[in-house]
Amino acid sequence: SQLWSQLAMRALPSSRRHVLPLAAVAIALSAGAAMGDNIIETMAWCKGINDGLDWGQILRLAKSECGHDAEEDEPLRIRCSAEGLDAAVEATRLVLLHSGEHSFACANGLVFLLAVALAYAGEALSAAELARSKVLLWQALRENFMLDASVWPVKTHDVLELFDALPAALQFPSLEVTGLESVTFLVPHCSEELALAIRQAFPGVVVAAGAASASAQLPAGWEVLDHAWERPGGAMLNRMLDAIETPLVLVVMGAALPRGVEDIERMARVLQRRRVVAASGPLVDEQRVFSDFCHRLQLRHYRLGFNSVYERSLIFDEASASSVRGSWFHEEDNTGEKEGPCKLCETLAPVFLARTDALRAIGFHPALDSEWALLDAAIRATRTPLLELRSVGSKGKEHARPSGWRRAAGATFASCPFVNIREAEGLGRPHLYGRSDIPDGVAPSEPWFGDDVAAVSVSGLAGRLRPALQAQLFMDANHLRDFMGPDGVVRHFGCNLAVTNCPVPDWVYRGWAIPPCCKETMRHLLFYIDEVFRELGLRYIVTDGVLLGSYKFGRMLDWDADVDLHIHNEDFPRLEAEVQHRVKRDGHHLRKHANNDSWLLQANDHNYLLIELNKRIEPWDPERVWRVPIEGRLFPAMEDAHFNLSAWYGLSFFKHRLRHVPEWEEEHRPMFCA
């Protein structure tokens, strides 16, 4: 408790220290955050979260000191008192201070603090604090439950408008590079063999490193961080970046290195001339196998994929770019004196040169290690609006786009084949996403999903950083369920019929699509109960969301949380008399709803994805049912089922939208959901 308070006080001007208790409490720091049992209270009110801040106190502060109505042209349409604004800024600084080693779980609270600080007290923050705050704000917006004005005094809609009006997080000031003096090597886990390779190739370079094991002795003169072998690489890089003063850093996550100083100079020139965060090149290992780490990330519906087809490139020799012919067609070959082309990528190589300020703003997940940490940072960098988009006029002059949605874009990284990257002799390891081939039937990336730390890392890290655990942590942190690497192998991380499903409110109340594993569970249950009803001769029809999905595109909706079936009134008693025992015998679970007019079919008694078997008043004739397509099968529906859909969803049921919010509700408590 005292250490936490001391750390907070050390970061704050003495004139404002008296308001710190409004925002900060001393709670033990950990790699993750303890969560409350009630997911709705946890998501919306941040109750039961122990992550270093007293969110209950912050919520009370928000309501009492920042809950004042303001003019429509105010950034967040609220007004804070001077005391409230001071406390919000200091709590923001506390978040910034510890975000490199700790994850905060209260997304709504983070959105409130960061938005208020950026909207009303941006001048009190340094350039580095502003950039980091914007990245953390976007990350919290991705996580947060729709902000309700009855709980927090700001709305998600207004925060998004604010974010778009703010200057882009990364400004890319001009770089003054004077050889290796402008570069610091960052090596989170360095073995003695790797240290020797660095000293031989780059004598005199400035290095910040962590020993790969307790016995490793690193060179005198290096900045060595204690107990690095016990800490994830992401946390180590964050600590190093906070202390670095050079404009460029060379991150070495593994055992690959540039061949020489000229390769670092090539990467530095790319960073000087283009608005990219980092530059690297393809890697050639000890077996002379070429590995290309340049991919576009494909993220949709809980699946991560890699696409090697890039969209843009960097061309430095415009004369060459205007011709389809290369230097072979010229009398003199001077390509060695010119800059080669680069591809623009959404992934990072295991060694790269980066702008220090940009990498510090993006940050690394403090609990992730090695290439899992790099992949997580790449997702954050490319999916956060960091760069101001520019348009090119008729005369080729760039100018900023006017304010409006999509005024900023994610960052990119350059992959330049004229940069030579080689692995240190004897230290090579397989890589997570460097190769698309599967030699001898075994994917080179397979060890990254196993239990052997030594197979992928030179460090002697603790068991909690086993590759398999790191993979699960990465997938959970990014809300992913399927990982399809460049090799085409799909690895599943979601639930199945035998385990507890992920909490439904965790995605339903965020307005997210249903995870593929949950959708597969509901598809299985729908097919299963249809076969049981056919066998027993029990009459039913599909209704509500699953019927709407059939009409729209013949499938279950991606945003539906259950499946509704209407059981014929005469057959409804048979659910208890016959179906209940059959379901139990088949290993599933059927329970009666408290209203006595529904039964709920589940995969098991601890998997809460539901097929609702309902008794309803709408009449339908079993002799005149239609058969409608759902997920490749035909299911019974009432005759002229579109009338049923119109009654439930209105005459605009073909429109792709969320469920209709009645005008009276929006007028009474506007959420600006549109």
Side-chain angles (χ1 to χ4, degrees), residues 187-189 194 197 233-234 250-259 263 267 277-299 304-310 342-354 364 368-379 381-382 412-450 452-459 467-468 470-471 474-475 480 483-491:
V187 193
H189 300 122
L194 180 59
L250 184 84
V251 175
V252 181
M253 191 73 90
L257 295 170
R259 180 177 288 181
D263 294 300
M267 292 186 284
V277 169
S280 187
L283 182 149
V284 178
D285 65 17
E286 293 181 82
Q287 287 73 44
R288 305 182 69 81
V289 174
F290 178 94
S291 295
D292 190 354
F293 293 87
C294 182
H295 305 281
R296 285 162 50 208
L297 294 172
Q298 297 179 314
L299 291 148
L304 170 63
F306 297 79
N307 188 345
S308 60
V309 180
Y310 60 94
C342 305
K343 297 187 288 187
L344 285 182
C345 319
E346 294 185 339
T347 48
L348 288 162
V351 57
F352 58 89
L353 188 72
F364 293 88
L368 287 175
D369 186 53
S370 199
E371 291 180 26
W372 287 116
L374 298 185
L375 186 56
D376 175 84
I379 291 178
T382 57
T412 52
F413 317 111
S415 177
C416 311
F418 284 71
V419 175
N420 294 293
I421 303 295
R422 300 290 187 271
E423 284 184 313
E425 185 176 354
L427 300 180
R429 298 290 191 281
H431 298 284
L432 178 57
Y433 48 88
R435 294 173 62 176
S436 58
D437 62 311
I438 305 181
D440 303 321
V442 179
S445 62
E446 189 64 31
W448 287 91
F449 303 89
D452 184 6
V453 177
V456 298
S457 174
V458 297
S459 67
Q470 285 282 293
F474 165 83
M475 298 295 283
L480 296 169
F483 183 102
M484 185 171 71
D487 50 22
V489 178
V490 179
R491 296 174 173 85

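Heavy-atom basis, side chains included; hydrogens, waters and symmetry copies ignored. All figures in this text were calculated on a predicted structure; none of them were measured in a lab.
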Derivation of the side-chain contact (heavy atoms from CB on, under 4.5 Å) call for His189 and Asp369: CA-CA 10 Å; His189 300 122; Asp369 186 53; 3.0 Å; yes

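- Here SG of Cys345 is found 11.5 Å from CZ of Phe293. Values are rounded to the nearest 0.5 Å.
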With side-chain contact (heavy atoms from CB on, under 4.5 Å) as the criterion, how do Leu375 and Phe483 come out once you've worked through the C-alpha distance, each side chain's angles and the decisive distance to 0.1 Å? CA-CA 12 Å; Leu375 186 56; Phe483 183 102; 3.9 Å; yes

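- Between Pro417 and Pro282, the closest heavy-atom pair is CA-CD, 3.7 Å.
- Here the shortest heavy-atom pairing between Pro467 and Trp372 reads O-NE1, 3.9 Å.
- Looking at heavy atoms from C-beta onward, Asn420 lies out of side-chain contact with Pro258 at the 4.5 angstrom threshold.
- Considering only residues two or more places apart in sequence or on other chains, Asp263 meets the salt bridge (Lys or Arg N to Asp or Glu O under 4.0 Å) condition with Arg266.
- Between Cys294 and Lys343, the shortest heavy-atom distance links the atoms SG-CB, 3.9 Å.
- In terms of the salt bridge (Lys or Arg N to Asp or Glu O under 4.0 Å) criterion, Glu423 has no residue partners (sequence neighbours excluded).
- Among residues two or more places apart in sequence or in another chain, the side-chain contact (heavy atoms from CB on, under 4.5 Å) test is passed with Gln287 by Asp285, Val289.
- Under the side-chain contact (heavy atoms from CB on, under 4.5 Å) criterion, Pro444 pairs with Arg435, Pro439, sequence neighbours left out.
- Of all the heavy atoms in Ala354 and Ala278, the pair that sits closest is CB-CB, 3.9 Å.
- Leu353 contributes atom CG, which lies 10.5 Å from atom SG of Cys416 (distance to the nearest 0.5 angstrom).
- Here the side chains of Pro447 and Asp452 are not in contact, with every heavy-atom distance at 4.5 Å or above.
- Judged by distance alone, with hydrogens and angles left aside, the side-chain atoms of Glu371 form no donor-acceptor pair with the main-chain N or O of Pro350 at under 3.5 Å.
- Residues Leu374 and Leu432 are not in side-chain contact: their nearest non-hydrogen atoms beyond the backbone lie 4.5 Å or more apart.
- Here Leu480 contributes atom CG and Arg491 contributes atom CZ; the two are 14.5 Å apart, rounded to the nearest 0.5 Å.
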Assess the residue pair Val251 and Leu348 against the criterion (side-chain contact (heavy atoms from CB on, under 4.5 Å)); give the C-alpha distance rounded to whole Å, side-chain angles, the decisive distance to 0.1 Å, and a yes or no. CA-CA 10 Å; Val251 175; Leu348 288 162; over 6 Å; no

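- One side chain, Asp487 or Ser445, offers a donor N or O that lies under 3.5 Å from an acceptor on the other.
- Taking CH2 of Trp448 as the reference point, atom CZ of Arg429 lies at 10.0 Å (rounded to 0.5 Å).
- The OG atom of Ser291 lies 8.0 Å from the CG atom of Asp437; values are rounded to the nearest 0.5 Å.
- With values rounded to the nearest 0.5 angstrom, Glu346 atom CD is found 10.0 Å from Ile379 atom CD1.
- Under a 3.5 Å cut-off, the side chain of Asp440 and the backbone N or O of Val442 do not form any donor-acceptor pair.
- Scanning for salt bridge (Lys or Arg N to Asp or Glu O under 4.0 Å) contacts around Arg422 gives an empty result, with sequence neighbours left out.
- In terms of heavy-atom proximity, Ala279 sits nearest to Met267 at O-SD, 3.1 Å.
- Ring pair Phe306/Tyr433 is parallel by interplanar angle, where below 30° counts as parallel and above 60° as perpendicular.
- When every heavy atom of Glu286 is checked against every heavy atom of Ala424, the shortest pair comes out as OE2-O, 4.1 Å.
- Every residue meeting the side-chain contact (heavy atoms from CB on, under 4.5 Å) condition with Thr412, not counting sequence neighbours, appears here in chain and number order: Val276, Arg312, Leu344.
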